[in-house]
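What follows is one structure encoded as structure tokens, with my remarks underneath.
In what follows, every chain begins at residue 1, and chains take the letters A, B, ... in the order their sequences are listed.
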Amino acid sequence: MKRKKIIHILNSETPWDNIHIKGWVRTRRSSKGFSFLEVNDGSCLKNVQVVADHSVPNYNDVEKITTGSAVSIFGRLVASPGKGQKWEIHAETVDIISIAPESYPLQKKRHSDEYLRTIGHLRPRTNKYGSVFRIRSEISFAAHQFFRDRGFRYIHSPIITGSDCEGAGEMFRVTALDLENIPKKNGKTDFIHDFFGKEVNLTVSGQLSAEMMALALGDVYTFGPTFRAENSNTARHVAEFWMIEPEMAFCDLEGDMAIAEEFVKYLTAFAMDNCREDLALFSTFVDKTLLATLDTIISSDFLKLPYQEAVDILKNTGKKFEYEINYGNDLQSEHERYLTEEYFKKPVIIFNYPKEIKPFYMRMNNDSKTVAAMDLLVPRIGELVGGSQREERYDVLESRMDELGIAKENYWWYLDSRRFGTVPHSGFGLGFERLLMLITGITNIRDVIPFPRVPGQIEF
RNA sequence: UCCCCAGUAGCUCAGUCGGCAGAGCAAGUGGCUGUUAACCACUGGGUCCGCGGUUCGAGUCCGUGCUGGGGAGCCA
């Protein structure tokens with residue numbers, strides 16, 4: 001008989017004979033002659049309560065079952081006379097797949113997030129992290145659904161890249177050279193002898209590839225890992241994270257902002273509709289205001305504000321900031337959080353940034369001072385999305401690259417796209433972990449990715 | 001990388017003025033015929049983060065290193 005998943009059993013409308021489950025025991029409570037086993041198989045947050053008594057042939061062994069042990073149970077699903085659950089299983093047989101010794105690190109009590117990070121291989125077995133990773137899976141699916149419903153194509157951008165373009169931070173070098181015997185030329189590493197014959201790195205963004213694909217397929221998106229070797233030690237940064245990057249041909253900045261807003265609302269609503277039980281855990285134990293926050297995101301119009309106006313607001317608000325705000329400087333974390341958390345109290349999109357603080361590929365506005373860039377700021381997280389209309393005019397792009405001292409010969413293919421049938425196009429990047437922080441209320445990015453990579457730490 | 005805080009039992013923490021190492025939970029054993037983080041009783045459990053120093057004596061004071069956390073910068 002095939003095992004039934006616990007989520008399926010708990011949603012049953014009727015009692016059920018001859019049922020088979022497999023899972024891990026969260027706790028066992030015993031009285032003289034019988035035991036209650038709380039069994040979880042990861043299919044949902046809830047456990048199923050199993051009642052076993054002397055009618056089970058190996059009852060002596062059942063009394064030795066410990067927290068964390070794995071079991072396979074046959075029995076009958078019946079209405080539970082006890083409080084706290086609709087159904088329970090009366091066991092006919094309890095097969096012990098494996099016993100967890102007393103050294104099992106997860107106890108029948110709440111643990112700190114800091115401790116659970118030290119046992120990253122076991123923390124998905126807890127209620128909280130089980131919920132996190134189920135939601136992560138659901139929202140991944142929802143992202144694909146969103147784009148597919150709108151005619152976008154999913155593209156796979158390369159992980160290993162030869163272009164150091166995006167200027168998005170320090171990169172991880174990828175090499176097949178023998179590090180004990182590095183070939184040198186004029187005192188420097190000679191990458192001509194390396195696998196690709198040139199210096200290559202792990203990608204920091206799929207954007208440039210996505211642009212090439214958008215200029216053929218129309219609307220595309222990437223959803224993959226990206227890597228930053230920045231020595232960032234904050235609750236919002238990891239060295240390996242997942243990014244969703246749509247890129248749309250024949251789309252301007254306004255269209256870009258509209259799709260970003262629609263996307264964030266869609267994913268939030270999807271979580272509210274499809275992850276209710278797991279979200280309830282977060283709204284109870286992590287952030288009591290979570291559901292209200294998510295409602296605000298779904299129901300409010302995101303405020304769209306030119307950079308110049310954002311600066312004016314920050315200057316005139318009278319609030320003391322640690323860093324002074326001046327036109328031409330990038331907004332600091334405290335400024336962004338003030339705007340979205342205190343001043344507007346909802347998501348804010350800031351656009352038309354000074355060209356000096358943005359990369360070469362963003363489209364120059366008619367004022368020749370600002371570029372068609374936008375950042376979506378949300379409460380508690382800060383920057384969730386960064387995007388822009390891309391510079392599609394060959395001569396303007398070329399002069400911007402010259403201005404910034406970018407080696408054009410490395411981007412000949414990128415420039416080619418502006419020579420052959422160039423069109424206005426736009427896109428953005430959304431940090432998937434930051435979105436999960438927004439949706440779950442979890443405040444440390446290390447707790448929304450299964451095995452976080454941060455400076456000096458890669459145990460799992 | 002910078003600033004701040006912390007490190008004591010498996011976990012979460014207390015430890016007064018420098019003078020015998022503590023609690024709750026967890027675990028183990030026993031009890032209990034419907035439990036809900038079950039309950040009751042008993043038992044075991046310590047490199048007080050490492051190294052160095054001050055002192056008759058250091059978990060406690062000083063120096064240093066490591067690890068973790070919070071904030072900042074960089075960014076998504």
Side-chain angles (χ1 to χ4, degrees), chain A residues 26-38 46-54 63-64 66-68 78 80-85 88 90 100-119 126-127 166-170 204-207 224-245 260 285 321-323 329-337 357-359 375-378 381-387 428-438 443-449 454-457 459:
Chain A
R26 285 290 175 79
T27 177
R28 181 174 59 82
R29 297 180 291 270
S30 65
S31 290
K32 189 180 177 76
F34 62 95
S35 282
F36 296 95
L37 302 173
E38 293 287 340
K46 285 204 174 80
N47 309 317
V48 66
Q49 173 167 284
V50 175
V51 188
D53 60 22
H54 278 297
E63 290 203 300
K64 296 184 186 121
T66 53
T67 297
V78 300
S80 175
K83 289 193 175 118
Q85 60 279 319
E88 65 185 25
H90 287 190
E102 63 191 70
S103 57
Y104 184 61
L106 293 173
Q107 302 169 359
K108 296 189 285 190
K109 55 180 260 185
R110 284 183 77 180
H111 288 293
S112 66
D113 293 323
E114 291 80 9
Y115 172 64
L116 291 170
R117 272 174 224 147
T118 68
I119 48 170
T126 63
N127 287 338
E166 298 87 355
E170 291 297 308
V204 294
S205 163
Q207 180 196 316
T226 47
F227 308 88
R228 306 275 168 93
E230 289 291 341
N231 188 15
S232 297
N233 289 285
T234 82
R236 302 184 311 282
H237 293 86
V238 278
E240 179 182 291
F241 64 99
W242 288 66
M243 194 150 61
I244 300 171
E245 295 176 281
F285 296 112
F321 293 109
E322 191 182 339
Y323 291 86
N329 294 345
D330 216 345
L331 301 183
Q332 305 292 328
S333 289
E334 57 176 340
H335 304 138
E336 296 181 345
R337 294 190 61 164
I357 55 174
K358 291 293 180 185
D375 284 353
L376 166 57
L377 313 177
V378 294
I381 313 293
E383 184 178 345
L384 176 65
V385 166
F428 64 82
L430 176 146
F432 189 54
E433 283 74 21
R434 289 193 181 169
L435 178 81
L436 289 170
M437 292 169 73
L438 179 70
T443 52
N444 194 313
I445 196 169
R446 296 167 199 204
D447 297 333
V448 296
I449 187 167
V454 296
Q457 178 60 262
E459 186 66 28

* Asked: So which one's nearest nucleotide on RNA chain B is more toward 5', A:Glu88 or A:His111?
  -> A:His111
* Report yes or no: is there a donor-acceptor pair, N or O only, under 3.5 Å between the side chain of A:His237 and the base of B:C75? => yes
* Touch check for A:His90, heavy atoms < 4.0 angstrom, all strands: base, sugar-phosphate only, or nothing? -> base
* Nearest whole angstrom, please: distance from the C1' of B:C40 to the NZ of A:Lys32. => 15 Å
* To do: Describe the nucleic acid contact of A:Gln85 in one word from base, sugar-phosphate, nothing, applying a heavy-atom distance below 4.0 Å.
  => base
* Asked: Hey, does A:Thr118 reach any base, or is it just sugar-phosphate, or nothing, if we go heavy atoms under 4.0 Å?
  -> nothing
* Answer yes or no: is there an ion pair linking A:Arg29 with A:Glu38, defined by an N-O contact shorter than 4.0 Å? => yes
* Asked: Taking N and O atoms by type only, does the side chain of A:Glu230 place a donor or acceptor under 3.5 Å from a partner on the base of B:U1?
  -> no
* Using a cut-off of strictly less than 4.0 Å, decide whether A:Gln49 has a side-chain nitrogen or oxygen near OP1 or OP2 of B:G34. => no
* Is A:Asn233 side chain donor-acceptor paired with the B:U1 base, going by distance under 3.5 Å alone? -> yes
* To do: Determine the contact category for A:Arg28: base if any of its heavy atoms lies under 4.0 Å from a base atom, sugar-phosphate if only primed atoms, P, OP1 or OP2 are that close, otherwise nothing.
  => nothing
* Asked: Atom CZ of A:Phe241 and atom P of B:C74: how far apart are they, to the nearest Å?
  -> 16 Å
* Report which part of the nucleic acid A:Phe432 touches: base, sugar-phosphate, or nothing (heavy-atom distance under 4.0 Å, all strands). => nothing
* Mind checking A:Ser31 for me? I need base, sugar-phosphate or nothing, with any heavy atom below 4.0 Å counting as a touch. => base
* Asked: Across the strands shown, which category fits A:Ile445 at heavy-atom distances under 4.0 angstrom: base, sugar-phosphate, nothing?
  -> base
* Hey, does A:Val378 reach any base, or is it just sugar-phosphate, or nothing, if we go heavy atoms under 4.0 Å? -> nothing
* Has the side chain of A:Ser232 got a donor or acceptor that lies under 3.5 Å from a partner of the other kind on the base of B:C74? -> yes
* Asked: Now, which nucleotide makes the Watson-Crick or G-U wobble pair with B:G28, with each of the two distances under 3.5 Å?
  -> B:C42
* Taking OP1 and OP2 of B:U12, is either one under 4.0 Å from a side-chain nitrogen or oxygen of A:Ser112? -> yes
* Whole-Å distance between B:G69 C1' and A:Arg236 CZ? -> 15 Å
* At under 4.0 Å between heavy atoms, what does A:Tyr115 touch on the DNA or RNA strands: base, sugar-phosphate, or nothing? -> sugar-phosphate
* To do: Looking at every strand, decide which applies to A:Arg117 at a 4.0 Å heavy-atom threshold: base, sugar-phosphate, or nothing.
  => sugar-phosphate
* Return yes if the base of B:G28 and the side-chain atoms of A:Glu102 contain a donor-acceptor N/O pair under 3.5 Å, otherwise no. => no
* To do: State whether A:Gln332 places a side-chain N or O below 4.0 Å from either non-bridging phosphate oxygen (OP1 or OP2) of B:A72.
  => no
